[in-house]
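Beneath this line is the structure, given in structure tokens, with notes to follow.
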Amino acid sequence: MPLHIATPLLESRCLGLATRRSVWLKLEALQPPGSFKIRGIGAACEAHLRAGARRFVSSSGGNAGLAVAYAGRQLSVPVTVVVPQSTSARARALLRLEGAQVIVHGPSWQEANVRALSLLAAGDAFIHPFDDPLLWHGHASLIDEIACSGLLPDAIVLAVGGGGLLAGVIEGLRRNRLEDVPVIAVETAGADSLNRSLRAGHVVELEAITSVATSLGAKRVCQQAFACSRAHPVHSVVVSDLAALNACRHFLADHRLLVEPACGASLALAYDRSPALADYSRLLFVVCGGATASLAQICQWSRRLRRAGDGQPLPTGATDTPDDS
Ligand SMILES: *Cc1c(COP(=O)(O)O)cnc(C)c1O
């Protein structure tokens with residue numbers, strides 16, 4: 001039994017009406033640790049356990065760390081997660097809830113990661129959040145489930161951080177002979193490392209992450225994601241933080257699921273009727289999920305950005321969202 005579940009695939013009336021297209025949702029938000037990451041990370045942890053690992057180590061205060069903690073608990077393997085001081089109290093609490101040892105170290109992920117690597121001893125397996133073939137292979141199971149369902153989308157919409165999900169989805173399309181299905185790869189401005197790399201023609205590193213979509217906040221995408229994006233039809237789109245946040249609020253109202261801005265980024269294409277969708281009539285959205293943002297946090301970010309004047313009007317129906325989480 002894998003550590004991930006086969007998630008529901010359902011047609012969204014609300015997003016269908018918003019886009020005037022058929023929209024299907026792959027509900028990765030329903031994975032036990034809250035995001036698609038358990039697909040690849042679960043597979044990687046199982047492979048390391050078979051090879052004799054006695055501890056899993058991660059440096060992610062986000063959904064990757066949560067997936068490692070969940071996998072460790074399920075497999076009865078101790079987990080240590082080193083997170084930077086910037087990691088929210090909520091994320092730390094979620095990690096502890098899964099029984100992980102949480103070490104807080106350094107101002108940013110770089111320092112936490114160096115510390116995590118320095119802890120590694122014999123019997124430890126370091127689990128990378130996105131740059132590992134074991135992960136891509138595990139993420140590809142998402143497309144196996146789509147292929148089994150018989151749905152043949154015209155395009156797949158997903159969010160890109162370090163590019164592990166993108167690399168896995170493309171691997172899944174290839175192994176199911178769906179290599180002609182294009183992927184629309186969405187990032188937020190300020191976390192747009194794939195978009196900038198594709199425009200530069202080589203992988204570039206962002207100086208800083210300035211987006212609220214912290215789960216997309218890899219300063220550089222993995223080489224595999226970049227290479228896949230050139231070998232496969234991939235359309236890169238960048239949306240604003242405010243568009244991503246508005247999409248989170250719309251999606252909560254429509255589907256009663258709270259997702260992170262990282263996931264809202266891809267949903268924003270539907271709610272804002274993006275021209276990037278124009279050529280397609282059957283769309284599959286990977287609702288990648290994310291467990292680290294509360295509704296209060298999303299509302300607070302929205303208010304701050306609207307006050308900063310980046311403002312489109314509030315989405316109708318989302319104006320009365322309560323501020324408590
Ligand atoms: C990790 C993550 C992403 C980005 O995935 P990558 O494999 O890093 O591209 C998007 N959304 C959520 C909720 C995530 O946790």
Side-chain angles (χ1 to χ4, degrees), residues 4 7 26-44 58-70 87-88 91 94-95 109 127-142 156-172 183-188 191-195 197 203 206 209 211-226 228-229 234 236-237 239 241 244-245 247-248 251 257-268 285-294 297-298:
H4 66 266
T7 52
K26 185 64 172 157
L27 291 180
E28 293 302 296
L30 298 180
Q31 290 292 352
S35 80
F36 73 92
K37 285 221 172 60
I38 188 61
R39 289 184 184 269
I41 286 176
S58 164
S59 57
S60 159
N63 297 303
L66 285 172
V68 176
Y70 175 83
T87 303
S88 68
L94 288 171
L95 286 166
W109 176 80
I127 312 294
H128 196 279
F130 54 83
D131 194 1
D132 179 350
L134 288 171
L135 255 75
W136 310 329
H137 200 64
H139 291 337
S141 61
L142 191 159
I156 297 178
V157 185
L158 52 74
V160 173
L165 176 61
L166 175 66
V169 161
I170 291 177
E171 178 174 331
V183 175
I184 303 176
V186 190
E187 298 170 290
T188 47
D192 48 349
S193 47
L194 177 68
N195 188 268
S197 298
V203 175
L206 302 181
I209 301 298
S211 169
V212 300
T214 49
S215 293
L216 305 185
K219 284 189 181 174
R220 55 190 298 152
V221 291
C222 60
Q223 186 62 41
Q224 176 75 1
F226 180 74
C228 284
S229 305
V234 169
S236 166
V237 180
V239 302
D241 273 356
L245 291 163
C248 290
F251 195 68
L257 279 172
L258 181 68
V259 296
E260 287 183 14
C263 180
S266 59
L267 299 171
F285 281 73
V286 177
V287 183
C288 52
T292 71
S294 66
Q297 176 76 86
I298 285 170

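Start at 1 and go down the list; that is how both ligands and their atoms are numbered.
In this structure, Glu28 pairs ionically with Arg39, as a charged nitrogen and a carboxylate oxygen lie closer than 4.0 Å.
Less than 4.0 angstrom separates some heavy atom of Val160 from each of these atoms of ligand 1: 9 (O). Annotation for ligand 1: atoms under 4.0 Å from non-hydrogen atoms of Ala262 are 11 (N). In the vicinity of Gly162, heavy-atom distances shorter than 4.0 Å reach the ligand 1 atoms 6 (P), 8 (O), 9 (O). Each of the atoms 13 (C), 14 (C), 15 (O) of ligand 1 lies under 4.0 Å from some heavy atom of Asn63.
At a 3.5 angstrom cut-off on N or O pairs, Lys37 counts as close to ligand 1. Among the atoms of Leu216, none of the N or O lies under 3.5 angstrom from an N or O of ligand 1. In terms of N/O distances under 3.5 Å, ligand 1 is not approached by Cys288. For ligand 1, none of its N or O atoms has an N or O atom of Pro129 under 3.5 Å away.
Within the 4.0 Å heavy-atom criterion, neither part of Leu166 lies near ligand 1. If you look at His139 next to ligand 1, there are no close heavy atoms at all, none under 4.0 Å.
A 4.5 Å side-chain heavy-atom check between Thr214 and Ile209 finds every atom pair outside the cut-off.
Environment of NE2 in His137: sparse, with no more than 12 heavy atoms of neighbouring residues, nucleotides or ligands closer than 6.0 Å.
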